Chemist: 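Here it is: the structure, laid out below.
Throughout, a chain's letter reflects where its sequence line sits, starting with A, and its residues are numbered from 1. All values derive from a computational prediction rather than experimental measurement.
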Amino acid sequence: MLDLRLLRAEPERARTELLRRGGADALDRVLELDRNAREMRTHVEAVRAERGRISKEIGQLKRDGRDADAVQAQARALGDELVADEDALRELEAARDDVLLGLPNFADADAPGGGEDDAVTVRVVGTRPDFDFPAKDHLEIGLMLGGIETEQAAKISGARFAYLMGPLVRLQIALVSFAVDLLEERGFTPVVPPVLVREEAMFGTGFFPTDRASIYALADDDLYLVGTSEVPLAGLGYDRILEAGELPLRYAGISTCFRREAGAAGRDTRGIFRVHQFDKVEMFTFTDAEQSSAEHLRILGVQEEILGSLGLHYRVQDIAIGDLGASAARKFDCEAWMPGQDRFREVTSCSNCTDYQARRLNCRIRTDQGPRFVHTLNGTAVAVGRTLIAILETHQRADGSVAVPEALRRYGAPAELAPR
RNA sequence: GGAGGGGUGGCAGAGCGGUCGAAUGCGGCGGUCUCGAAAACCGUUUCGGGCUUUAGGGUCCGACGGGGGUUCAAAUCCCCCCUCCUCCGCCA
């Protein structure tokens with residue numbers, strides 16, 4: 001959520017910022033609703049003050065044992081007047097907040113302009129795998145290894161679900177252990193969070209109202225399945241005042257993620273690239289305004305360290321403004337080369353949400369000048385499914401076997417995966 | 001799932017229709033004393049919002065888990081929800 005005071009004080013700057021993000025029409029609606037709401041609030045508070053004054057008078061009269069009927073009638077009349085005005089006030093403020101909640105974060109000044117296709121490649125790392133045999137894709141390899149089963153999954157869960165089996169489970173476990181170890185060394189506290197959350201957590205992280213369609217809901221229980229542990233990790237700061245000295249707070253969430261993938265019909269239907277359920281290790285940091293840009297690069301650095309350790313060829317993309325999520329001011333994606341698709345595909349993503357998410361979460365720190373909103377950042381450490389795809393496709397051999405990166409062997413993975 | 005008891009300031013804890021944004025203690029901050037420190041003593045110490053301001057502030061409204069109700073007036077009475085604790089049942 002954007003700072004309403006800032007929108008009032010610098011509407012032209014806000015307009016410029018929102019135009020960068022695609023449109024400023026909603027700004028005018030917010031400002032107008034806000035003017036009306038404030039006018040009504042001033043009125044309501046004046047009436048409340050008057051009624052409060054009279055009520056005290058009644059108390060005094062009664063204590064003195066004197067008659068208060070006349071004054072009491074007057075107070076009652078004021079109260080009746082208030083009811084209608086308070087309703088109107090509530091409606092105005094709710095309408096204003098609805099629109100306000102839908103406004104995206106201001107983009108970072110350095111974020112590239114444009115949309116989905118306008119990401120800027122920051123760097124390309126490693127060398128493209130070169131095979132002297134036709135490269136197989138991950139599903140083909142996974143089937144040969146006995147590691148992926150989608151047909152039965154489709155029967156019992158539907159499309160975009162898969163069983164991960166045998167050697168790929170070993171690989172997942174090693175991958176997660178490797179990531180958690182590294183993250184703990186980098187100051188991230190491992191967390192296994194709740195994956196069912198209330199609506200408040202979804203609003204607090206900015207997934208609601210904008211991305212509601214991509215979230216699974218448990219209608220009978222008013223709970224939602226998280227699409228990323230970013231949601232419950234951000235929840236650690238929900239409605240809380242932290243001490244400035246304890247920042248930065250870094251967490252590494254390990255969880256299953258659930259996504260409806262609405263709107264992705266027909267895309268990436270093969271294998272486990274885009275599924276409704278996958279496991280992920282996620283970084284999340286609470287920090288302050290001064291350090292958030294540096295923290296963003298730090299998170300990106302960890303991501304690259306992991307991809308590098310896995311021997312993957314990847315590039316870092318600076319995501320264009322039009323392709324940022326509502327909460328993000330800036331976002332970098334790491335895309336790994338996937339020989340089976342003959343192109344780079346997203347395997348990690350990291351966003352600096354500045355104070356946008358914190359304002360919604362109401363997560364602040366105490367400072368000499370009073371409470372201030374923190375800055376929040378999140379980034380993928382390991383999205384298991386997609387990382388497995390990159391590993392299988394990158395390290396495949398002609399006979400269908402796969403060489404396992406040294407980094408994972410140290411965490412119990414076999415040196416190579418052999419076709420059955 | 002059943003029965004009972006709680007949720008009040010950073011923490012502990014009183015208040016149970018008006019003079020209560022809230023006693024008291026602890027902690028924090030500032031000061032006195034001291035070579036310095038401790039102790040003691042004095043002072044201070046929630047958050048959000050509206051209006052206003054020669055920018056220091058001033059003034060008013062709201063908040064005692066959340067929401068609704070009763071009342072001229074609610075931390076205090078009633079209803080719903082959330083949550084914590086104890087006991088019983090069930091369970092990985």
Chemist: Expressed in whole Å, how much space separates the C1' atoms belonging to B/G58 and B/G5?
Modeler: 46 Å

Chemist: For atom C1', what is the distance between B/G7 and B/C61, given to the nearest Å?
Modeler: 26 Å

Chemist: Any strand counts, and the cut-off is 3.5 Å on both contacts for Watson-Crick or G-U wobble. Which nucleotide pairs with B/G43?
Modeler: B/C29

Chemist: Please state the P separation for the pair B/G43 and B/C87 - nearest whole angstrom.
Modeler: 46 Å

Chemist: Rounding to the closest angstrom, what is the interatomic distance between B/G30 and B/U86 at atom C1'?
Modeler: 44 Å

Chemist: Return the minimal non-hydrogen interatomic distance between A/Ala320 and A/Gly115, and the atom names on each side.
Modeler: CB-O, 3.3 Å

Chemist: Counting the benzene-type ring for Trp, do A/Phe208 and A/Phe203 have ring centres under 6.0 Å apart?
Modeler: yes

Chemist: Output one letter per nucleotide in nucleotides 57-80 of chain B: B when a protein non-hydrogen atom lies under 4.0 Å from the base, S when only the sugar-phosphate is that close, - when neither is.
Modeler: ---BBS---------BS-------

Chemist: Once you round to the nearest 0.5 Å, how far does OH of A/Tyr224 lie from CG of A/Leu196?
Modeler: 11.5 Å

Chemist: What is the distance, rounded to the nearest whole Å, between atom CD of A/Glu86 and atom C1' of B/G49?
Modeler: 14 Å

Chemist: For atom C1', what is the distance between B/C82 and B/C90, given to the nearest Å?
Modeler: 24 Å

Chemist: Nearest whole angstrom, please: distance from the C1' of B/U83 to the CG of A/Asp239.
Modeler: 14 Å

Chemist: Whole angstrom is fine here: how far is it from CD in A/Gln60 over to P in B/G17?
Modeler: 19 Å

Chemist: Identify whether any heavy atom of A/Arg364 sits under 4.0 Å from a base atom; if not, whether one sits that close to sugar-phosphate; answer base, sugar-phosphate or nothing.
Modeler: sugar-phosphate

Chemist: Which atom pairs, one a donor and one an acceptor, fall under 3.5 Å between side chains of residues 72-86 of chain A and the rest of the protein, sequence neighbours left out?
Modeler:
unit_1: A/Gln72; atom_1: OE1; unit_2: A/Lys62; atom_2: NZ; d: 3.4
unit_1: A/Asp85; atom_1: OD2; unit_2: A/His43; atom_2: NE2; d: 2.8
unit_1: A/Glu86; atom_1: OE2; unit_2: A/Arg48; atom_2: NH1; d: 2.6

Chemist: Rounded to whole angstrom units, what separation is found between the OH atom of A/Tyr238 and the P atom of B/C82?
Modeler: 15 Å

Chemist: For this output row, return yes or no: ring centroids of A/Tyr163 and A/Phe161 closer than 6.0 angstrom.
Modeler: no

Chemist: If you look at every strand shown and take non-hydrogen atoms under 4.0 Å, does A/Arg35 touch a base, only sugar-phosphate, or nothing?
Modeler: nothing

Chemist: Give a yes or no on whether the ring-centroid distance for A/Phe332 and A/His296 is below 6.0 angstrom.
Modeler: yes

Chemist: Work out how far the P atom of B/G4 is from that of B/C78, and round it to whole angstrom.
Modeler: 16 Å

Chemist: When you check the glycosidic angle of B/G56, does it come out syn, meaning within 90° of 0, or anti?
Modeler: syn

Chemist: Taking atom P in both B/C11 and B/G28, what distance in whole Å separates the two?
Modeler: 15 Å

Chemist: Would you say B/C82 has OP1 or OP2 under 4.0 Å from some side-chain N or O of A/Arg198?
Modeler: no

Chemist: Looking at A/Arg409, A/Arg170, A/Arg397, which one forms a salt bridge (charged side-chain N to carboxylate O under 4.0 Å, His left out) with A/Glu416?
Modeler: A/Arg397

Chemist: Between B/C91 and B/G15, how many Å separate the two C1' atoms, rounded to a whole number?
Modeler: 42 Å

Chemist: For A/Arg5 and B/U52, give me the distance from atom CZ to atom C1', rounded to whole Å.
Modeler: 14 Å

Chemist: In whole angstroms, how far is the P atom of B/C51 from the CE atom of A/Met40?
Modeler: 14 Å

Chemist: Do the side chains of A/Arg330 and A/Asp318 get close enough for a salt bridge, i.e. N-O under 4.0 angstrom?
Modeler: yes

